[in-house]
Amino acid sequence: MAHADTTHAPPAHPPAHEEETTTGINHRKLLMWVFLGSDCLFFGSLIATYMVYRGQSIVGPYPRDIIDVPITTVSTFVLLMSSFAMVMGVAAARNGNQKRLIQWLVLTIILGGTFIGFQVYEFNLFRVEGLRYETNLFSSTFFTLTGFHGAHVTLGLVWLIALAIMAARNPAGRPSDLDVDIAGLYWHFVDIVWIVIFTLLYLIGGFDGPPEAGHAAVQGWNWVTGLIS
Amino acid sequence: MSTNPGQEAVLAQQEHAAHEEHAAHEDAGISRFFFGHVPEGVHGGMKQYGLLAIFLGVITLVEFLIIVPEGLQGSGVVIAPLVILSVIKFFCVVAFFMHLKFENQLLWQIFVAGLALGLVVALSLVLLFGVFRPTPRAFSEPRVEPFVHHAPAEHEPVARMLPEELPPPADPADLAPPAPAGGAVAGASPGQTLFIGTAACASCHAIQGVAQGVLGPPLDGIASAAGNRISGYSAEDYIRESIVEPDAYTAGTADGLSQDYQQGLMSATMAGIQLTDEDVDALVEYLLQLR
């Protein structure tokens, strides 16, 4: 197989500014991937913090009292579908179809906004039911993690709205397919972070109660001290 | 119409090749798109992305169905399937929606490096603070000495002492017996030593002059109160049961205390503490002196 160095660029819409780089990768795209790689560390730490303090709250409400898995399954599905709309927008931009691009962007924004709507509803419900940021270990770690994720989604929404307005105002040239592509990478990343959060905090951790006698942390420690002594 | 069989074969081959090329450029072919090599510049269309979106939606539904049976909720059995399903979802989105499958290898390496570092950080944090976490009790136990109440006059002003002037460490046996403070007994009985040390009672219970724990009820005058908590129980019965079987009865406002104490907290905290029968006897004996 020959080295495929883009001898057949899409005929309809050649890349807007394909400059030469030493890596062969557009610098903006490279930057976005480096950022996403580093954002893995950020969310990794927040998720680990949640997992460390999981099931150790000694006052309620506990996850099992308050986490609504069915509703969050719906919002997870909505975010997943927004990823699909986004990828269709990226494809439309690559084909130079400005009208389709705007349509898919608007759908992505609606779906992403719906997800944020679910989160606002959830946070407010928790507040009303007595789970405030400082209530217990669960609430502090939960709100920190999902709050930062929600902030990422909100930032993505602002970005996509800007792109949609740009595309509607100026049908020629901008946003380039690369502009849309990079926004899409960010949007999908936010989606995959939610895939992890949904599994760990809702499907697995959503039924946690107060710490039990013989908690894993205690057992782990006893096991280690048993080995040493 | 007089083409010989050889020509026909060549034509068929050409047609086949043209068809393949068409498939690769226009449609990429669904199975080729997902599993095969797709030339750079060729990405999926609505069909492929739509199929993938349906596939991801179905996985989400399956994940939800897994935890619908009440018996499976929060059980360890579901963890493995749920993690596997979300890892599949995760990499499908990365490979196809973020089209990393079709990108320069360097981008894969950058992202996977970030992801791997993130996982290592997460795993280290969980291991350090979640699994192998030294409990405050385990840390403090070897360092705890019985509380000794000094009369203020015995103290030299600490600030004036230079290190070389410090007196040799006092042998606890030489110290004058502590002045009885409140309900505390004079001297450190075996029960009191246990109370502050190995049994770690002091981290949750308060006794004037001895301990300042706040999570459990204060134990001043417990010897007098204990006999009235459960009918038919003597003070000794009640204290013994409260140590050995903390969940049997949890004291609260009904007993004239200032608050209701957390049900099940003591059994949870005490799970790692081993007390012998002699330890319990010593503790009961000590607590029965707190009138």
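Note on naming: letters A, B, ... go to the chains in the order of the sequence lines (proteins, then strands), and numbering restarts at 1 for each one. Here the structure is a predicted model, which is why all the values come from computation and not from measurement.
By the 4.5 Å heavy-atom criterion applied to side chains, Val83(B) and Ile204(A) are counted as neighbours. For the pair Leu36(A)/Met98(B), a side-chain contact is recorded, criterion being any heavy-atom separation below 4.5 Å from C-beta on.
There is no contact between Phe43(A) and chain B, counting heavy-atom distances below 4.5 Å. Neither the backbone nor the side chain of Pro63(A) comes within contact range of chain B; no heavy atoms are under 4.5 Å apart. At a 4.5 Å heavy-atom cutoff, the contact between Asp191(A) and chain B is made by side-chain atoms alone. Contacts of Thr76(A) with chain B are made by side-chain atoms alone, with heavy-atom separations under 4.5 Å and no backbone atom involved. In this structure, no portion of Trp194(A) lies under 4.5 Å from any heavy atom of chain B.
Taking the six-membered ring where tryptophan is involved, the planes of Phe97(B) and His188(A) are tilted, since the angle between them lies from 30° to 60°.
Most heavy-atom pairs under 4.5 Å with chain B: of the set Thr73(A), Thr49(A), Thr23(A), Val34(A), this distinction falls to Thr73(A). In terms of non-hydrogen atom pairs under 4.5 Å with chain A, the most contact-rich of Leu82(B), Val121(B), Val87(B) is Leu82(B). In terms of non-hydrogen atom pairs under 4.5 Å with chain A, the most contact-rich of Leu107(B), Val120(B), Leu115(B) is Leu107(B). Of the listed residues Val193(A), Asp181(A), Ile47(A), the one with more heavy-atom pairs under 4.5 angstrom with chain B than any other is Asp181(A). Interface remark: of the candidates Met81(A), Met88(A), Met86(A), Met88(A) forms the most heavy-atom pairs closer than 4.5 Å to chain B.
Rounded to the nearest 0.5 Å, atoms CD1 (Ile25(A)) and CD (Gln105(B)) are 10.0 Å apart. How far CG of Leu119(B) is from SG of Cys40(A): 8.0 Å, rounded to the nearest 0.5 Å. Here the straight-line distance linking atom CD1 of Ile110(B) with atom CG of Leu31(A) works out to 10.0 Å at 0.5 Å rounding. Taking NZ from Lys89(B) and CD1 from Ile192(A), the interatomic distance works out to 12.0 Å, rounded to the nearest 0.5 Å. Interatomic distance, CD1 of Ile195(A) versus CD1 of Ile88(B), reported as 11.5 Å (0.5 Å rounding). Here Asn104(B) contributes atom CG and Asn26(A) contributes atom CG; the two are 12.0 Å apart, rounded to the nearest 0.5 Å.
In terms of heavy atoms, Leu203(A) sits closest to Phe64(B) at CD2-CA, 4.5 Å. Gly44(A) approaches Ala122(B) most closely through the heavy-atom pair O-CB, 3.6 Å.
More than 12 non-hydrogen atoms from other residues, nucleotides or ligands lie less than 6.0 angstrom from CD of Gln259(B). For OH of Tyr249(B), the number of neighbouring non-hydrogen atoms (other residues, nucleotides, ligands) closer than 6.0 Å is greater than 12. More than 12 heavy-atom neighbours from other residues, nucleotides or ligands sit within 6.0 angstrom of CZ on Arg64(A).
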One pair to check against side chain to side chain contact (heavy atoms under 4.5 Å, CB included): Phe207(A) and Ile67(B). What are the steps and the verdict? CA-CA 10 Å; Phe207(A) 305 99; Ile67(B) 53 103; 3.9 Å; yes
